[in-house]
Asker: 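Got a structure here, written out as structure tokens. Questions coming.
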2 protein chains.
Amino acid sequence: MLERGQEEKILDAAYACIARDGYAHTSLRHIAHEAGVAVSQISYHYKNKEGLLLAVVERAATNYHAYMQEYLHPHMSPREKGECVIALFQGVLEDDPELFRVLYDLAGLALWSEPFRLQVREVFAGIMEQITTEVFTAELLGDLGHQHTAETLASLFFGGLFGIALQALLEPENKAIVSSLSALSVVFK
Amino acid sequence: MLERGQEEKILDAAYACIARDGYAHTSLRHIAHEAGVAVSQISYHYKNKEGLLLAVVERAATNYHAYMQEYLHPHMSPREKGECVIALFQGVLEDDPELFRVLYDLAGLALWSEPFRLQVREVFAGIMEQITTEVFTAELLGDLGHQHTAETLASLFFGGLFGIALQALLEPENKAIVSSLSALSVVFK
DNA sequence: GAGGTTTTCGAACGGTCGTCCGATTGAGGA
DNA sequence: TCCTCAATCGGACGACCGTTCGAAAACCTC
């Protein structure tokens, strides 16, 4: 029986609550109950709700990067890595849609609160940098032969992933949307 | 001095509050105060908060369609219409970013509440149908000569618009993001 | 002008929220 | 063993939430 500290337990519980109910319906009491802990423990370890949520974002970002790095093997070509990212998103949407809902929720938080905006911006910048350096390399850019920069194409690529994923969640009965993610490969073809 | 009914005033106030503070921080009291009206008037006219919000979504969708229809002149070619939609999004992001934040917020609501999901899905379906029939026509599809359907390309196109717009709002100091919207024209080139 | 209906108001209700505080517990060093 | 300090707890606080209700006001019809 592994014994994690309360701090960790609270963080897990917070993520679980947000994934289940969404941020808007997640209260500190719910989180504390899910963690099997007194409410005041949250203030003790994370100062306040905002502090806890920022920690959740940070942890989610770390997880994401590890996940991504695990899938993008060094021996792949840039194009293969692009396809791989697409496949990864498709897999998430099918197997673990809550993951994307949390991403959407936290990004939404960032639209209204400056501290969250700064933190989420970092997360997005990390994703973008990964895509820029792994997929839209100088090699691939020269291959494509059009005028767009790697940053532009990365924005386009990730924006497309995000926007299509939202549509897929709004219309889960329409399987065509998830598979239309594959069409995103037009940006590196 | 035009005299709109209270019903209309409440709807305006609700939209204004959401645009200013986001849905999560908008209460019926704020809305009532903004409208210069008693709180109980909201329940009287819209039954409850959900009813009011659904009305807000419906009104926003109507406004959107009128806006779009005004910009897409019948004499334009499909490609021109595509460029026009892109330019329209760029204009919104620069002049009236709250419009997009509201769209994002309401779509986020739809991820967690079934009634909202159904209503927002209708809105998105309307947008998608407009893009499908106006931009990705059979004529253009044949011109492009690749295997994707009009629906797939429309998903890609709108998803890209949405995802890039989010990045632009998270990083308003980075003007390159807004202009990278133009690169979305790769999908019909 | 009287009477009935719709509209509007302010107050109140029961809940839930995030935060704070004093008391209790527990582990580790003197 | 005692002292200290960090960790944990339950309860309380004031604020705000969405909803409801009875009374007042406004409107319309006769």
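Chain naming here is simple, since letters A, B, ... match the order of the sequence lines and numbering starts at 1 in each. Quick caveat, the model's predicted, so the values are computed rather than measured.
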Asker: I'd like to check the side-chain contact (heavy atoms from CB on, under 4.5 Å) partners of A:Asn174; sequence neighbours left out, ordered by chain and number.
Answerer: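 A:Glu171, A:Ala176, A:Ile177.
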Asker: Hey, are A:Gln41 and A:Glu7 close enough side-chain-wise for a donor-acceptor pair under 3.5 Å?
Answerer: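 No, because no side-chain N or O of A:Glu7 sits under 3.5 Å from a partner of the opposite role on A:Gln41.
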Asker: Can you check the B:Lys49 NZ to D:dG18 C1' distance for me, whole Å?
Answerer: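 Checked: the NZ to C1' distance equals 8 Å.
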Asker: Are A:Phe89 and A:Phe162 close enough that their ring centres sit under 6.0 Å apart?
Answerer: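 Ring centroids of A:Phe89 and A:Phe162 are no less than 6.0 Å from each other.
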Asker: Of A:His30 and A:Ser43, whose closest DNA chain C nucleotide lies nearer the 5' terminus?
Answerer: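 Nearest nucleotide further toward 5': that of A:His30.
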Asker: May I ask you to verify if any side-chain N or O of B:Ser27 is less than 4.0 angstrom from the OP1 or OP2 atom of D:dC16?
Answerer: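 Looking at the OP1 and OP2 atoms of D:dC16, neither is under 4.0 Å from any side-chain N or O of B:Ser27.
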Asker: Measure from CD on A:Glu8 to C1' on D:dT8 and round the result to the nearest Å.
Answerer: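 One finds 18 Å between C1' of D:dT8 and CD of A:Glu8, rounded.
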Asker: Send over the distance from A:Glu7 CD to D:dA7 P, rounded to a whole Å.
Answerer: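 Spelled out: CD on A:Glu7 to P on D:dA7 is 8 Å.
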Asker: Just to be sure I understand the geometry, which residues of residues 33-41 of chain B put a non-hydrogen atom under 4.0 Å away from DNA chain D?
Answerer: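 Heavy-atom contacts with DNA chain D come from B:Val39, B:Ser40.
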Asker: Looking only at side-chain N and O atoms, does B:Gln6 come under 4.0 Å of OP1 or OP2 in C:dT8?
Answerer: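 Yes, B:Gln6 has a side-chain N/O under 4.0 Å of OP1/OP2 on C:dT8.
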Asker: Figure out the CD1/C1' separation between B:Ile42 and C:dG10, and round it to whole Å.
Answerer: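 Computing the B:Ile42:CD1 to C:dG10:C1' distance gives 14 Å.
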Asker: Between D:dT8, C:dT8, D:dT19, which one does the side chain of B:Tyr44 approach most closely?
Answerer: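 For B:Tyr44, the side-chain atoms sit closest to C:dT8.
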Asker: State, without any angle test, whether A:Thr152 and A:Ser155 hold a side-chain donor-acceptor pair at a distance under 3.5 Å.
Answerer: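 On atom types as modelled, these side chains do not qualify, holding no pair under 3.5 Å.
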Asker: Just checking, is any N or O donor in the side chain of A:Gln90 or A:Ser179 under 3.5 Å from an acceptor N or O on the other one?
Answerer: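 Side chains of A:Gln90 and A:Ser179: no pair found under 3.5 Å.
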Asker: Between A:Arg29 (CZ) and D:dC17 (P), how many Å, whole number?
Answerer: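 Interatomic distance, CZ of A:Arg29 to P of D:dC17: 16 Å.
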Asker: Do B:Met76 and B:Tyr71 share a hydrophobic cluster, counting only Ile, Leu, Val, Met, Phe, Trp and Tyr and linking them when any side-chain heavy atoms are less than 4.5 Å apart?
Answerer: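 B:Met76 does not cluster with B:Tyr71.
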Asker: Could you tell me how far apart A:Tyr46 (OH) and D:dT8 (P) are, to the nearest whole angstrom?
Answerer: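 Whole-Å distance recorded here is 11 Å.
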Asker: In whole Å, what is the span from the CG atom of A:Leu28 to the C1' atom of D:dC9?
Answerer: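 For the pair A:Leu28 CG and D:dC9 C1', the rounded distance is 16 Å.
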Asker: Relative to the ring of A:Phe158, is the ring of A:Phe124 parallel (under 30°), tilted (30 to 60°) or perpendicular (over 60°)?
Answerer: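 Aromatic pair A:Phe124/A:Phe158 classed perpendicular.
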